[in-house]
K.L.:
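If you scroll down you'll find the structure; I have some questions about it.
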Number of protein chains: 2
Amino acid sequence: MTLAEKAYVSLRKDIVEGCFAPESPLRLADLSERYGMGFSPLREALNRLQAERLVTAESLRGFRVSARSLAEFEDALHARLLVETEALRLAIARGDDGWEASIVAALYALRLQARRQGGDVDELKARHHAFHRSLLVACGSDWLMDFFERLYAATERYRIPALIAAGPQKRDIDAEHGAIADAVLARDTRRAEELLRDHYLRTAVTIRSGLAPA
Amino acid sequence: MTLAEKAYVSLRKDIVEGCFAPESPLRLADLSERYGMGFSPLREALNRLQAERLVTAESLRGFRVSARSLAEFEDALHARLLVETEALRLAIARGDDGWEASIVAALYALRLQARRQGGDVDELKARHHAFHRSLLVACGSDWLMDFFERLYAATERYRIPALIAAGPQKRDIDAEHGAIADAVLARDTRRAEELLRDHYLRTAVTIRSGLAPA
DNA sequence: AATTCCATTATTTTCGAAAATTACTATTGC
DNA sequence: GCAATAGTAATTTTCGAAAATAATGGAATT
């Protein structure tokens with residue numbers, strides 16, 4: 001893996017996880033020290049992230065972490081529902097046995113990590129992402145999967161801080177995931193779409209309440 | 001405008017217009033000579049285009065123009081219909097007088113250029129793009145507009161060569177545009193969606209017939 | 001003849017410095 | 001006191017060379 005690729009992965013993770021505050025400038029000298037590389041690979045990574053809307057660039061004034069706002073979250077949520085319900089419909093129509101098995105496996109792995117007390121939070125996030133991706137991956141559309149990845153990252157920037165702010169959840173998220181998986185495996189398109197939609201709308205409620213005061 | 005931005009604009013245009021054959025390698029030395037700049041701004045532009053799926057990169061083997069295939073075209077078309085019908089619905093629901101006026105203006109400008117014999121083809125393409133964008137811009141969703149721009153570029157890579165290959169059109173594209181604009185201005189969501197859909201599906205027929213032999 | 005190995009060449013990737021631009025600070029003039 | 005300004009520092013952007021890696025071609029070996 002080249003340095004530019006490493007820079008892309010690290011920066012993307014750190015931005016999504018909120019290590020850099022929204023709108024804070026991403027100075028090359030700082031990044032160079034933080035990640036231990038020269039300017040060139042960092043600039044390449046920043047350009048990729050710019051195309052993904054995770055960072056913004058202004059001519060001759062460098063790069064900043066993209067702003068967060070309620071409006072942008074609502075927009076991303078709306079786009080996400082559009083993209084994911086369509087991808088889910090296609091996946092249920094097209095998915096084969098291997099796809100079904102991969103959903104079961106992803107859900108199982110997610111639950112293992114969720115129940116492990118004091119487990120690695122990064123690993124939990126990765127498995128959560130993997131589960132949601134597994135539901136859609138059989139849609140067979142590179143474009144929809146690309147949009148899914150973008151929107152997942154965009155909304156994750158809101159979800160993580162909101163979860164921390166909201167404290168203990170009243171929701172049984174594990175059960176929600178289970179119900180979605182059941183509906184998908186039963187090829188019940190309408191029910192799966194509805195459950196996935198509700199799942200995201202419930203998360204949105206938490207995020208909105210955490211975002212309103214800020 | 002920085003050199004990297006110029007490189008991005010030029011490269012994007014040249015790739016969409018097919019100046020570089022699909023899958024052909026984009027060698028830095030060649031690009032450096034073609035665009036009259038060093039490697040750094042070119043690499044930054046290529047990284048942005050990679051995030052947009054117009055170029056592909058392989059570690060330590062540089063960049064290539066993304067492949068074209070019937071499957072990818074069908075995928076992009078499908079995603080485009082999903083995104084644009086939703087954006088159109090929102091725009092019709094939300095657009096104000098200024099938006100309506102901008103559609104009338106864009107259509108008028110497009111027709112002027114289309115009827116000008118021997119006019120600048122680049123200008124015609126730009127106005128065609130501007131007209132289609134004007135229909136959607138009132139949707140108020142940055143994400144959907146972002147996806148629109150991506151998918152427009154992706155499908156334009158197929159449309160231009162197909163138009164050349166197909167020769168004189170039997171379609172009255174001008175009338176199709178007019179009908180779409182009329183339906184949108186009448187706020188007839190269902191009809192507007194249907195006409196836009198048909199418009200793209202007709203273009204798709206031409207593209208498929210031009211792509212099948214290749 | 002086919003294959004492996006090595007040397008050479010071509011190309012990408014990265015760095016460090018130079019150039020260009022912006023941001024900051026202190027000073028001047030009113 | 002405050003705006004304009006010149007000078008300085010900080011920062012981004014770009015270049016050219018160096019380092020790293022891949023591709024090529026030819027000789028030696030099986």
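For clarity, every value in this text was computed on a predicted model and none was experimentally measured. Each chain gets a letter, A, B and so on, in the order its sequence line appears, and its residues count up from 1.
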K.L.:
Dump every N/O contact between nucleotides 6-12 of chain D and the protein below 3.5 Å, one line per pair.
P.N.:
{"from": "D/dT12", "atom 1": "OP2", "to": "A/L28", "atom 2": "N", "distance (Å)": "3.2"}

K.L.:
Within the side chain of A/R157, is there an N or O that forms a donor-acceptor pair under 3.5 Å with the backbone of A/V16?
P.N.:
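Such a contact is absent between A/R157 side chain and A/V16 backbone.
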K.L.:
Quick one: on DNA chain C, does B/P25 or B/S40 contact a more 5' nucleotide (nearest heavy atom)?
P.N.:
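Looking at the nearest nucleotide for each, B/P25 comes out on the 5' side.
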K.L.:
Side chains of B/T203 and B/R171: donor-acceptor distance under 3.5 Å anywhere?
P.N.:
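Per modelled atom types, B/T203 and B/R171 side chains form a pair under 3.5 Å.
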K.L.:
Please check this pair: side chain of A/R48 against backbone of B/N47, looking for a donor-acceptor N/O pair closer than 3.5 Å.
P.N.:
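No, because the side chain of A/R48 does not come within donor-acceptor range (under 3.5 Å) of the backbone of B/N47.
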K.L.:
Calculate, to the nearest 0.5 Å, the distance between atoms CZ and CG belonging to B/R208 and B/L201 respectively.
P.N.:
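Rounded to the nearest 0.5 Å, the CZ-CG separation comes out at 7.0 Å.
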K.L.:
Between the side chain of B/S10 and the main-chain N/O of B/K6, is any donor-acceptor distance below 3.5 Å?
P.N.:
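Such a contact is found between B/S10 side chain and B/K6 backbone.
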K.L.:
Please confirm whether the backbone N or O of A/R64 pairs with a side-chain atom of A/E23, one donor and one acceptor, at under 3.5 Å?
P.N.:
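No, because the side chain of A/E23 does not come within donor-acceptor range (under 3.5 Å) of the backbone of A/R64.
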K.L.:
Chain B on DNA chain C: first and last contacting nucleotide, 5' to 3', under 4.0 Å to a heavy atom?
P.N.:
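Result: C/dT11 to C/dT14.
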K.L.:
What pairs of residues pass the side chain to side chain donor-acceptor pair (under 3.5 Å) test when at least one of them lies in residues 78-91 of chain A, not counting sequence neighbours?
P.N.:
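Non-adjacent pairs meeting side chain to side chain donor-acceptor pair (under 3.5 Å): A/H78-B/E86, A/R80-A/E84, A/R80-A/T155, A/R80-A/Y200, A/E84-A/Y200, A/E86-A/R89, A/E86-B/H78.
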K.L.:
Distance under 6.0 Å and angle within 45° of the ring axis: does B/R150 meet both against A/W143?
P.N.:
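Output no; distance or angle outside limits.
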